[in-house]
Number of protein chains: 2
Amino acid sequence: MPKNNAFPQELVNTIHLGDTIETLKQLPESSVDVIFADPPYNMQLEGNLKRTDGSVFQGVDNAEWDKFSTLEKYKKFTRDWLIEAKRILKKDKSSLWVIGSFQNIYIVGDVLQELGFWIINDIIWSKTNPTPNFMGTKFTNKQETLIWATPDKKTKYHFNYKTMKALNDGKQMTSVWEIPVASGNERIKTREGDKLHPTQKPEKLLYNVIISSSKRGDLILDPFMGSGTTGAMAKRLGRNFFGIEQDEKYREYAISRIENEKTISDDFTDAKFDIKAPRVKFKELVTAGYISEEEKIFFKKTDKYAYVSAEKELFYDGEHFGISKLGGKLSDSEANANGWDVWFVEREQKRIPLSVIRTEYREKELGFYEK
Amino acid sequence: MPKNNAFPQELVNTIHLGDTIETLKQLPESSVDVIFADPPYNMQLEGNLKRTDGSVFQGVDNAEWDKFSTLEKYKKFTRDWLIEAKRILKKDKSSLWVIGSFQNIYIVGDVLQELGFWIINDIIWSKTNPTPNFMGTKFTNKQETLIWATPDKKTKYHFNYKTMKALNDGKQMTSVWEIPVASGNERIKTREGDKLHPTQKPEKLLYNVIISSSKRGDLILDPFMGSGTTGAMAKRLGRNFFGIEQDEKYREYAISRIENEKTISDDFTDAKFDIKAPRVKFKELVTAGYISEEEKIFFKKTDKYAYVSAEKELFYDGEHFGISKLGGKLSDSEANANGWDVWFVEREQKRIPLSVIRTEYREKELGFYEK
DNA sequence: CATTGATATGAATCCTACG
DNA sequence: ACGTAGGATTCATATCAAT
């Protein structure tokens with residue numbers, strides 16, 4: 001198991017003013033749980049990096065950025081920050097999100113894969129209120145795309161499956177999210193009353209990203225912090241954050257925005273749904289006396305039964321098996337069955353599935369109760 | 001204007017049995033209106049995927065045509081066929097569609113842009129009935145992505161804007177299309193009753209692609225023809241097609257499928273909606289005598305007026321202007337106005353907008369009538 | 001014939017902690 | 001790193017049989 005490093009405590013829940021790549025280089029490797037990135041888009045105009053609305057992210061007056069006038073330069077920029085992102089993501093379990101539109105997302109996705117990132121899903125943010133195409137020259141550009149990936153094929157990721165299902169009326173959440181563009185009260189205004197940031201992401205989008213792929217206490221890093229939606233949603237959901245932003249004005253507004261945000265109760269987050277029950281082995285039930293070594297273990301409601309073997313697994317037809325393997329075998333399936341549901345014991349002349357015994361064991365011996 | 005070449009007449013509305021890249025190399029450059037391509041997706045599959053009931057999901061397993069050993073090889077394959085696609089697309093006006101999913105679309109999009117293709121839209125095919133994620137490990141993969149691009153930034157493309165708007169209940173069609181997966185009767189079966197092709201595309205998808213981006217009589221080329229949906233929809237909509245398919249069985253079924261397809265009437269295609277009225281210059285109306293050189297041209301219903309200038313444009317305040325530029329100027333707008341709607345002439349003591357005069361001119365002199 | 005219910009299936013990078 | 005056993009897991013729709 002690769003060692004995870006501690007993220008510098010003094011940086012937790014702060015926004016660093018500075019260049020993205022330079023700042024990332026200062027951070028320890030294998031120290032971050034989730035990265036969410038909303039990088040500038042390559043508009044291929046006069047050597048400036050621009051946001052989707054055409055506003056300048058970094059202009060030609062900065063000598064370094066002047067180089068990014070072509071596709072290749074944008075690709076280099078993308079590769080540079082993604083290499084650092086990969087380095088600082090935890091090696092055992094972590095994931096990265098990047099949002100973009102057709103101007104840049106294909107480049108981002110290609111570089112990701114070249115660097116060995118492994119795509120989990122691509123998510124479509126389908127805007128319920130997109131800007132129409134005024135000229136009638138093409139289809140209304142309705143969506144932006146998020147790529148969700150692990151830094152390596154072998155790296156695990158956190159996914160609050162049940163939480164997302166609960167948030168979606170009890171159905172599996174899909175990769176297409178219908179969310180309106182940030183507007184009204186949600187949109188941060190300057191003191192002069194103008195919108196602060198041209199591409200402020202809606203809270204609901206970041207809420208989904210953070211609640212689905214992290215847990216309480218995790219560290220979420222945003223290399224292009226902007227108006228601070230990532231930090232605000234991280235705080236709301238009880239996560240920690242670290243932001244990087246090179247524009248002092250954005251940073252200022254983001255800090256005060258996040259200060260005003262409150263952390264909500266566990267009852268409304270993933271902590272309510274995605275609780276993993278402790279693993280139990282069949283042996284444990286025998287050792288703890290919940291199942292006797294002599295009793296018959298019945299296959300479903302049939303006449304077939306096995307005995308507890310010397311290894312405290314099942315003994316059937318002269319051989320030793322685990323409950324899942326033998327369950328699968330008798331079920332005429334190539335796959336394992338869920339052994340806890342196909343094997344029964346008799347208690348007071350009724351057949352009780354092993355899963356019920358397991359629940360009793362978890363409650364009485366391990367103090368774990370299902371919600 | 002670059003010269004377009006004729007596509008070989010004997011190949012029109014046929015399916016060629018052979019390798020995609022080799023076949024494309026035989027075709028003349030600048031000879032095709034639209035390419036729709038559904039290349040292999042390079043999915044990395046290991047083992048079987050089973051449902052909870054033990055049945056095996058039949059995806060594209062054992063599909064030899066989807067096996068590429070490395071990302072680099074897939075990228076080379078993509079580059080090779082796209083180079084040929086670019087060569088045979090008409091230089092003045094044409095476009096290309098490619099469909100894919102997250103396993104390959106970022107590579108395709110990146111190569112497209114590297115080769116100088118210019119993305120018009122990316123379209124999300126949002127499946128109304130996607131395959132769920134059986135194991136609950138990630139979001140349900142709901143969509144596939146189509147990239148629509150011209151072979152070069154300067155190349156024009158055909159877009160039946162009004163048709164798509166009419167097909168979308170009178171609202172601009174967006175880049176997110178809700179379409180079910182091909183199933184039931186639409187799914188082509190073999191004589192043995194199995195599905196013919198693992199990845200048959202729905203007719204509605206190809207219908208949208210073809211009707212939006214081509215006109216009657218155009219040639220649509222499909223380099224990976226498969227079950228022939230492209231050919232069938234091309235025929236239904238009165239377009240020509242050319243397909244390439246390397247599997248004899250698929251080709252056979254596709255040919256008979258297309259034979260059974262009927263071409264529908266003009267009334268139900270783009271020919272009904274997207275008729276472009278001929279462009280008219282203000283001068284033409286003067287030359288043809290629809291406007292006299294001496295008369296006053298009034299700005300809306302105000303007192304302001306201009307005269308026809310010597311150059312047969314407008315003369316106002318000592319300067320010469322086109323009708324749109326001067327219209328915008330007087331409208332206090334930075335943009336040009338639609339000159340045909342803001343300028344009026346007097347006929348029988350009533351002010352008539354120039355657009356009415358233009359309509360009369362189009363009908364009587366050019367034989368063009370609005371539908 | 002209408003309605004209900006059982007069954008089949010779709011481009012899928014579809015498990016993971018522990019020893 | 002790898003094998004093994006424990007454990008968790010699906011939705012919309014079309015077809016067809018049964019009522």
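Residue numbering restarts at 1 for every chain, and letters A, B, ... go by the order of the sequence lines.
Of the listed nucleotides (D:dT9, C:dA12, C:dG10), C:dA12 has the atom at the smallest distance from the side chain of B:N141. Closest approach to the A:Y161 side chain among C:dA11, D:dT13, D:dT9 is made by D:dT9 (side chain taken as heavy atoms from C-beta onward). The side chain of A:F282 approaches D:dG6 more closely than any other nucleotide in the set C:dG10, D:dG6, D:dT13. The side chain of A:K165 sits closest to D:dC11 out of C:dT13, D:dC11, D:dA5. For B:N129, the listed nucleotide lying nearest its side chain is D:dA12; candidates were D:dG6, C:dT16, D:dA12. Side-chain proximity of A:W118 to the nucleotides C:dT13, C:dA11, C:dT16 is greatest for C:dT13. Taking the side chain of A:K171 as heavy atoms from C-beta on, and the options C:dA11, D:dC11, C:dC15, the nearest nucleotide is D:dC11. Closest to the side chain of B:N133, from the set C:dG10, C:dC14, C:dA11, is C:dC14.
Judged by atom type and distance alone, B:T52 reaches the base of D:dT10 through a side-chain donor-acceptor pair under 3.5 Å.
Residue A:N121 has no polar side-chain atom (N or O) positioned under 4.0 Å from OP1 or OP2 of C:dC14. For D:dG6, the OP1/OP2 oxygens have no side-chain nitrogen or oxygen of A:K283 closer than 4.0 Å. Listed pair B:K50 / C:dC14 fails the phosphate criterion, with no side-chain N or O lying under 4.0 Å from OP1 or OP2. A sub-4.0 Å separation between OP1 or OP2 of D:dG7 and a side-chain N or O of A:R358 is present. Residue B:T131 places at least one side-chain N or O closer than 4.0 Å to OP1 or OP2 of C:dA12. A close approach under 4.0 Å does not occur between any side-chain nitrogen or oxygen of A:K276 and OP1 or OP2 of D:dG7. Distances shown here put a side-chain N or O of B:N185 below 4.0 Å from the OP1 or OP2 atom of D:dT15.
Within 4.0 Å of B:D194, counting heavy atoms only, lies no atom of the nucleic acid at all. Using a 4.0 Å heavy-atom cutoff across all strands shown, A:I119 reaches at least one base atom of the nucleic acid. Residue B:P39 is in base contact, counting any heavy-atom pair closer than 4.0 Å across all strands shown. Looking at heavy-atom distances under 4.0 Å, A:K153 makes no contact with the nucleic acid at all. Within the nucleic acid shown, B:W125 has no heavy atom closer than 4.0 Å to any nucleic acid atom. Heavy atoms of B:Q103 sit under 4.0 angstrom from at least one base atom. Looking at heavy-atom distances under 4.0 Å, B:F57 makes contact with a base. Residue contacts for B:R187: at a heavy-atom cut-off of 4.0 Å it reaches the sugar-phosphate backbone alone, with no base atom in range. B:T199 comes within 4.0 angstrom of a base, heavy atoms only. The residue B:G226 sits apart from the nucleic acid: no heavy atom pair falls under 4.0 Å. No engagement by B:S55 is indicated, since no non-hydrogen atom pair under 4.0 Å with the nucleic acid exists.
Rounded to whole Å, the separation between the P atoms of C:dA11 and D:dG6 comes to 36 Å.
Here the side chain of B:D66 pairs a donor or acceptor atom with the backbone of B:Y41 at under 3.5 angstrom. In this structure a side-chain-to-backbone donor-acceptor pair under 3.5 Å is present from A:D274 to A:T163.
Taking 4.0 Å as the cut-off between side-chain N and carboxylate O, A:D169 and A:K171 do not count as a salt-bridged pair. Looking at A:E29 and A:R87, no side-chain N of the basic residue comes within less than 4.0 Å of a carboxylate O on the acidic one, giving no salt bridge.
The aromatic ring centres of A:F282 and A:W343 sit 6.0 Å or more apart.
Each of A:Q172 and A:K281 has a nearest nucleotide on DNA chain D; the 5'-most of these lies closest to A:K281.
The nearest pair of heavy atoms linking B:I210 to B:T230 is CD1-O, 3.7 Å.
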